[in-house]
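Bear in mind that the values here come from a model prediction, so they are computed numbers and not experimental data.
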Number of protein chains: 2
Amino acid sequence: MDSRFIWVVLFILCAAAGLSSAAPATIDSPDGSVRVAFDLEEGRPKYRIERFGRELIQRSAMGFVLKGGRPLQGPFEIGSVHTRTFDETWVQPWGEKREIRNRYNELAVSLVEKGKNGRRMDVVFRVYEDGVGFRYEIPAQNGLERFEITDETTEFALAGDPAAWWIPAYNRDQVEYEQLYRRTPVSAMDTAHTPLTLETANGLYLSIHEAALTDYAAMQLAPAGRNTLKADLTPWSDGIRVKARTPMKTPWRTIQIADDPGGLITSYLILNLNEPNALGDVSWIKPGKYAGIWWAMHLDLATWSTGPRHGATTENAKKYIDFASRNGLAGVLVEGWNRGWDGDWTVHGDRFDFTRSARDYDIREVAAYASEKGVGLIGHNETGGAVPNYERQLKEAFALYEKLGIHTVKTGYVANGPRLQRIDGKGEKAGEWHHGQYMVRHHQKVVEEAARRRIMIDVHEPVKDTGLRRTWPNLMTREGARGQEYEAWSPDGGNPPEHATILPFTRLLAGPMDYTPGIVGLRFGPERPRNRVNTTTAKQLALYVVLYSPLHMAADLPENYEKYPDALRFIRDVPVDWEDTKVLHARIGDYVTIARKDRNSGDWYLGSVTDEEGRILEAPLAFLEPGVKYTAQIYRDGKDAHWEKNPYPLTVTEEPADASGVIKMRLAPGGGQAIRFVRTRP
Amino acid sequence: MDSRFIWVVLFILCAAAGLSSAAPATIDSPDGSVRVAFDLEEGRPKYRIERFGRELIQRSAMGFVLKGGRPLQGPFEIGSVHTRTFDETWVQPWGEKREIRNRYNELAVSLVEKGKNGRRMDVVFRVYEDGVGFRYEIPAQNGLERFEITDETTEFALAGDPAAWWIPAYNRDQVEYEQLYRRTPVSAMDTAHTPLTLETANGLYLSIHEAALTDYAAMQLAPAGRNTLKADLTPWSDGIRVKARTPMKTPWRTIQIADDPGGLITSYLILNLNEPNALGDVSWIKPGKYAGIWWAMHLDLATWSTGPRHGATTENAKKYIDFASRNGLAGVLVEGWNRGWDGDWTVHGDRFDFTRSARDYDIREVAAYASEKGVGLIGHNETGGAVPNYERQLKEAFALYEKLGIHTVKTGYVANGPRLQRIDGKGEKAGEWHHGQYMVRHHQKVVEEAARRRIMIDVHEPVKDTGLRRTWPNLMTREGARGQEYEAWSPDGGNPPEHATILPFTRLLAGPMDYTPGIVGLRFGPERPRNRVNTTTAKQLALYVVLYSPLHMAADLPENYEKYPDALRFIRDVPVDWEDTKVLHARIGDYVTIARKDRNSGDWYLGSVTDEEGRILEAPLAFLEPGVKYTAQIYRDGKDAHWEKNPYPLTVTEEPADASGVIKMRLAPGGGQAIRFVRTRP
């Protein structure tokens, strides 16, 4: 039976259901495995989700509380019910997979408030084999134009009490998303950021997140009774959650479903729920690797501020450009290049000047040198959280960068405390959260302005990714988690070995992450006595494959790479733009193995990382092209390698490989393995 | 570095360690991932086990308590330390894999009690990549000849508190091993049977069991303080655990280790620790499928006892022989064929006569008919637990069977209550547990007598398997768990769907199981209103591949198979003797997919089963022979199939397949999938 036929059947069922507000309207995924049922319970909208006939999300509330008006929660009547089916395959201009199939069945229910002058609200569900997205649409209507949302009452009433991997929201002691993941039952959770990853008692994996967040507040998930989570929207400084006008569409609330944690990684539901490319020609957008004046500051070998140890000097920048050029790296990041770094810039972020260089840094000279060497300079825009100051300079700054041939900008929002600095830097006390509607709008402004100037964006201290790169493909990557810099200075000793085995199943489900891997000098000098990198060398290499990002840093100092040419070779070789992605092993918090196909050469790359446990894993090579001979260049943990006791040993070997083979991998405790499969050209 | 070199290094280290009783003697697995350390703590022997430098078993006690003498637990001195390395590949005459590599490093420590007339005891460790075996050897010595063990003090002090899948020992309400598995932390366990399967917090899987149990009591595992389990030997009726004489070797205590639950399934450590084939020519031993007069009794459509509904009549047996002959099944089991079934045979098992037929069953006529049809008759020896009665008749009975061409015997030990009936049936009150030394010796007697008569043995209500089939390859299979007959009559509604997703990781780790799959009449008549088979049809087929047994039953009634020719075709086709075994998906209690290669044709078969959850699983076909084209005959759950609501729908399709492909499988709730990959012969 083809999907068209299913759709027709569903249409009839649903349209019929729509006539009676008692019976639920249901819609199945095209393959029939996932079902959403919507109904009104005493006029209040409710949805639930089943998979293979078993309830995953029990009947859950929907709606809004508005300022100065009745809650938009019912009692409603169903005005109309529409279903449609959709199936297309679209091409990512860059990404972890070239061709993505977007195939869903949609149920759209128009609700009308009972009584006179009833307000209208629509709910739209899209049901995929790999999960569900739904959103609210509030149409233009008399009596509801501008309005303020004080609460979104969407609930996720989980069947059972799944295990959850989560980070707390509103944590005043941490830089927002930059926390280690906790694992507890849902019943023991505090309010958490999304993506929230869940494992049910029967071995299903879910991720609750959102898609297409462009003019709304980010959604956290708050406990709301027995195994129920409720939408918690980041407020404005005045307590309002969302300031809106009709017609309005909320972001999609998403629930991804997989039988194996690897299935969450290869689910593209978040991207599918975003709008297609809005930029047209994007041939100017080029994924790439970059070096940078950055790690030295984290090791306290140099400073962002001016002075005798200033990192961003013309001379030093040229040294990094030479290094990048020699090693085929596309870009060089220079942090601390501009005016405003002296003093406490997390308090005085409004002093940042985004067009004027520090005295010992000649941006024109450096840009010209980079251009001559075939390297792209990456502009750095740290705002210190002073967003209005940045916005005021945005047009001028980006115009300058375009003129200088700077096609990538890394933004930063390090604020003094959990909220961003005063909005306007004029002495007002109010501060905005990183993830409220104010900042969502700001990031959108930056991306759109960047697109006008053909600039790619890499956001640090960002709002979480919700798949916007589909619509604005110049929005390349973000931080938004504990990255590798914590290894350099964190008082808690850095990221424990399991961190990188959790990220692919949590943070990375949102989208690419600029983790800044590739540290090969795993132990530091006397300047950092209590820190070290908590991985082996091979694991650093594997991170390039395991943690997807279209911009990946070769984060270490050039002088360290010169000491470890074997490791550098893999970092030179590994691409950042992929034709396809396969997950071979997936155990959240324990180990993960991912294979990806280079978009350009057709070579395959494999990365595998483990936590504190050593592992022996078998990787079947069925992902390789049948009939093609490859040479496997294997970068494995050397003898007695150990993240804590003996991190350096790396053994590099070559062997023939083809699709019928199996590679037995031995990962040291805290170790990994990276493999390049080079097509043998006849 | 080759293993020989490692061995030399170890030898030097260990021999040196042997000179000082303070430093531990250590031995690593040939690949270096597993380490055993042995030392004396205030003279008391202790061992511990590490993997990749992390402790799995903390320092744990060893030794014995003897009746009428001092405990054999120290204080000892180390007399000598020997290490050796071993590496061979041996061939299973039949099995789940033809060639098995047996590669280990061994550490043998000779201990001498301190003081005058010190007794001697050796401990021997074999360390494999996939785990550890160790045993005690008590050499011949003056002053220690006959002795009685009242306790074995071996401990397994687990690091952490792993999750355990277990069944309780000494459960007076259940037929011994025939229980549903529980999952609790080790800290919440009662005394449990082995194999005991464990999952550590960091995602390692362990199985604690024993190997080569031939003249000793079976070992259970009893809680002994924080996350420590202690050997608990099944006692004789007089309370003694083991009656022994020197020289004596205990069974091997085994700890298997894998990074994935599937690794436990493809670990052959238990077989490797058994002695090689003791029978010489075993070409007469032939794995095969069988039908039988059996399920009808479980459905109460026929009786074991004589009377109008007697199942084992000459006429009925011929009907089953015809069915087996038509469908290429090797054997026919006839239960209730002999004298002794009338009355309560669980009390009067001593009335069983193993050479004389019931009046309406002519064993000679049936045997001749079977022989003429090319089918092997399977003798059934239910003892009712009256073991001496059976032993008295053993030689005569097996001689008769050999004469009649009966080359397989299914034994049974259904006793009235948790212990076997009086030992000698002469009114004595004492009874023996199913798993004490008395019964271990009995089963050994039966197997050896059977081998003399070229008879294969299938034991029901057995002592657990400890790999003896390697030494006595006529010991084919056993029950020893809740089999499918519980679906026919169990007051608790039968085996829940998850049962078959737990067995491969628990009971089946011991060895083959006669689960009696292949029921296609999934709903019963009015005679069984409260029971049904808790699977779909496709899952019944998949069980032939998932649950390994060299003798597998086509358990349903011939008239049911006639109604479902599609299902019957797979049951006809599926072999029971394998060249190789691969585990594709493994999640204990949730789902499991296993592929096996037919030893004769080179065709591959795949079985996948799930619990109550429907699943979408991808099976990469890398196990297929590269370059060979196959036709995949796929037996999948039909539309809307559901174990409870709609179990029958089965869809059979064919498609081309090769090693580079991936099959996406959709398993219904409580369902499964079975695939035959037929080599396309040019």
Side-chain angles (χ1 to χ4, degrees), chain A residues 1 31-33 50-54 56 129-130 200-204 257-260 262-263 266 498 501 582 584-585 587-591 610-627 639-640 642 644-646 658-662 664 666-671, chain B residues 1 31-33 50-54 56 129-130 200-204 257-260 262-263 266 498 501 582 584-585 587-591 610-618 620-628 639-640 642 644-646 658-662 664 666-671:
Chain A
M1 182 158 49
D31 73 317
S33 62
E50 286 178 359
R51 185 167 188 259
F52 285 111
R54 281 167 70 88
L56 287 180
E129 182 176 324
D130 55 343
T200 73
N202 265 345
L204 283 182
I257 307 166
D259 286 289
D260 180 270
T266 51
E498 71 165 15
T501 69
K582 302 277 183 190
L584 307 186
H585 306 114
R587 209 182 139 98
I588 306 174
D590 292 324
Y591 54 85
T610 182
D611 64 356
E612 292 84 350
E613 290 287 353
R615 309 275 174 191
I616 298 170
L617 302 175
E618 293 195 349
L621 306 182
F623 53 85
L624 297 175
E625 197 176 321
K639 187 169 153 46
D640 296 330
H642 188 285
E644 193 176 21
K645 298 173 193 159
N646 189 25
D658 64 40
S660 68
V662 173
K664 189 166 171 177
R666 186 192 161 88
L667 313 185
Chain B
M1 184 157 52
D31 74 315
S33 63
E50 287 178 358
R51 187 168 187 257
F52 285 110
R54 281 168 69 88
L56 286 181
E129 181 176 325
D130 55 342
T200 74
N202 265 345
L204 283 182
I257 308 167
D259 286 288
D260 179 90
T266 52
E498 71 164 14
T501 70
K582 303 277 184 193
L584 306 187
H585 306 113
R587 208 177 140 101
I588 306 175
D590 293 324
Y591 54 86
T610 182
D611 62 357
E612 291 84 350
E613 290 289 352
R615 309 274 175 191
I616 297 170
L617 302 175
E618 292 196 347
L621 306 183
F623 54 84
L624 296 175
E625 198 177 321
V628 175
K639 188 169 154 45
D640 296 329
H642 189 285
E644 193 176 20
K645 298 171 194 161
N646 190 26
D658 63 40
S660 68
V662 172
K664 189 165 171 180
R666 187 188 159 89
L667 314 185

**Region of B:Arg587 in contact with chain A, defined by heavy-atom distances below 4.5 Å** = side chain

**Prompt:** Would you call B:Lys664 and A:Glu129 a salt bridge, taking side-chain N to carboxylate O under 4.0 Å as the test?
**Reply:** yes

**Asked** So which part of B:Phe623 gets closer than 4.5 Å to some heavy atom of chain A, the side chain, the backbone, both or neither?
**Response** neither

**Prompt:** What residue in A:Gly203, A:Ala622, A:Ala201 has the most heavy-atom pairs under 4.5 Å with chain B?
**Reply:** A:Gly203

**Request:** Just give me the residue among B:Asp260, B:Thr200, B:Leu204 that pairs up with chain A most often, heavy atom to heavy atom, under 4.5 Å.
**Result:** B:Leu204

**Asked** What are the two closest non-hydrogen atoms of B:Phe52 and A:Pro669, and how far apart are they?
**Response** O-CG, 3.2 Å

**Message:** Counting heavy-atom pairs under 4.5 Å with chain B, which one of A:His642, A:Glu498, A:Glu612, A:Arg666 comes out on top?
**Reply:** A:Arg666

**Request:** Against chain A, label B:Leu667 side chain, backbone, both or neither, depending on which of its atoms sit under 4.5 Å from a heavy atom there.
**Result:** backbone

**Shortest non-hydrogen contact from B:Asn202 toward A:Asp590** = O-OD1, 3.1 Å

**Message:** Using the side chain to side chain donor-acceptor pair (under 3.5 Å) criterion, which residues pair with A:Ser33? Sequence neighbours excluded.
**Reply:** A:Asp31

**Asked** Using non-hydrogen atoms only, which part of B:Ala258 is less than 4.5 Å away from chain A: side chain, backbone, both, or neither?
**Response** neither

**Asked** Looking at B:Asp259 and A:Ile616, what are the two nearest heavy atoms and their distance?
**Response** OD2-N, 2.7 Å

**Request:** For A:Ser660 and B:Pro626, work out which heavy atoms get closest and say how close.
**Result:** CB-CG, 3.0 Å

